[in-house]
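The structure under discussion appears below in the form of structure tokens.
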Amino acid sequence: QVFNSPFRIKNNTLRVSTSIGIAMSPVDAENVSDLLKAADTAMYEAKSQGRNRYWFFTENMTQLVKEKLALENELHQAVLEKQFEIYYQPVVRIDDQHLVGFECLLRWNHPERGVLAPVHFIEMLDETGLIKSVTLWLLDEISKMYRHFAGLGAAEMRLAINLTARMLQDDQFSSQLLRHLMDKKSDPEKLVVELTEDALADYFEDANETLQALRTLGVQVAIDDFGTGESSLDHLRSFNFDQVKIGKSFVQ
């Protein structure tokens, strides 16, 4: 209930959600280590159920933990073996059907399950920090694709990538990203960085400095799924976004 109201810190209004996992001894575990693992598992379940809630540990979550660990191990292997590829989704101007760019979407060529969309792995990539090395690889790949487009006389194409706000609050990753762009490995003015509104709600203050630096280099910044978060208008007041992508539930 306390977290339902915003917090005032200096001149900032901060909205913070809280997700709680609950495990009880001796029903769920008898020692401290196992009890904390069970509570942690329940907390992740609370987050997956939409955040801002509490969740009690249940026995079937143990299987979920095993699956989560297996996925983490598989992703480490996927990064080592470069099992990822990029799908280029065309962006078309409505009035004259002119192709203006592509959104660069990550896919995982899983050796057993086939091609997987981000919904199956992106959260774990972000959680483990593997997303940072994958994103830098993605930037290198789309730089090659941009040079290919330029060679075909289509240098005006913009290529959009999705970043998580958690990545942009990481000083090491942010400096690597900015250095990559300043070294002109990619043309910053042809790059669009997209962040979902939900991610910004959790990390906007920390990510803001990097977003400003990206804008200075010429990168466009887009907010994705606009209208689905709790503080949409606050975000638009806080940062001068170049693009606003309306949440599909509103479009439909």
Any link between V192 and V100 through a network of hydrophobic side chains (Ile, Leu, Val, Met, Phe, Trp, Tyr) touching at under 4.5 Å?
-> no
Does atom CD of E81 have more than 12 heavy-atom neighbours from other groups under 6.0 Å away?
-> yes
Which atoms form the tightest heavy-atom contact between M157 and Y146, and what is the distance?
-> O-CE1, 3.8 Å
Residues pairing under ring-ring contact (aromatic ring centres under 6.0 Å, His included) where one sits in residues 110-134, two or more places apart or in two chains, turn out to be F84-F121, W108-H110, W108-F121
Approximate separation, where rounding is to 0.5 Å, of N52 CG and N4 CG | 6.5 Å
Nearest heavy-atom approach of E156 to K190 is CA-NZ, 3.9 Å
Cut-off 3.5 Å, no hydrogens considered: what does the side-chain donor-acceptor table look like for residues 35-45, sequence neighbours left out?
| unit_1 | atom_1 | unit_2 | atom_2 | d |
| --- | --- | --- | --- | --- |
| T41 | OG1 | K37 | O | 2.9 |
| E45 | OE2 | Q49 | NE2 | 2.8 |

Decide yes or no for E141 and K82: does some side-chain heavy atom of the first lie under 4.5 Å from some side-chain heavy atom of the second?
-> no
Listed by chain and number, what are the side chain to side chain donor-acceptor pair (under 3.5 Å) partners of N162, not counting sequence neighbours?
-> E103
Heavy-atom count around E67 CD within 6.0 Å, excluding the residue itself: above 12?
-> yes
Do V219 and L136 belong to the same hydrophobic cluster, where Ile, Leu, Val, Met, Phe, Trp and Tyr are linked whenever their side-chain heavy atoms lie under 4.5 Å apart, directly or via other members?
-> yes
Walk me through it: do R53 and S19 pass the test side-chain hydrogen bond (donor to acceptor under 3.5 Å, both in side chains)?
-> CA-CA 5 Å; R53 63 193 64 209; S19 301; over 6 Å; no
Counterpart residues, ring pair (Phe, Tyr, Trp, His ring centres under 6.0 Å), relative to F7 (two or more places apart) = F3
Would you say the side-chain atoms of R215 pair up with the backbone N or O of N240, donor to acceptor, closer than 3.5 Å?
-> yes
Taking the side chain from D242 and the backbone from V221, do they hold a donor-acceptor pair closer than 3.5 Å?
-> yes
With the 4.5 Å side-chain cut-off for hydrophobic clustering, are L217 and M167 part of the same group?
-> yes
Connected-component partners of F56 among ILVMFWY, side-chain separation under 4.5 Å = I20, I22, M24, Y54
For E127, does the CD atom sit with more than 12 other heavy atoms under 6.0 Å from it, leaving out its own atoms?
-> yes
May I ask you to check whether over 12 heavy atoms, not counting those of Q63, lie within 6.0 Å of atom CD?
-> yes
Output all residues satisfying ring pair (Phe, Tyr, Trp, His ring centres under 6.0 Å) with F102, sequence neighbours left out; order by chain, then residue number.
-> F149
From E72 atom CD to L125 atom CG, the distance as rounded to the nearest 0.5 Å = 10.5 Å
Separation of L177 CG from L191 CG (nearest 0.5 Å) = 8.0 Å
Is it true that the side chains of S33 and N31 contain a donor and an acceptor less than 3.5 Å apart?
-> no
So with a 6.0 Å cut-off around CG of N11, is the heavy-atom count from everything else above 12?
-> no
Does the side chain of R15 reach to within under 4.5 Å of the side chain of S5, using non-hydrogen atoms?
-> no
Hey, any chance L159 and V193 share a hydrophobic cluster, counting ILVMFWY side chains that come within less than 4.5 Å of each other, even indirectly?
-> yes
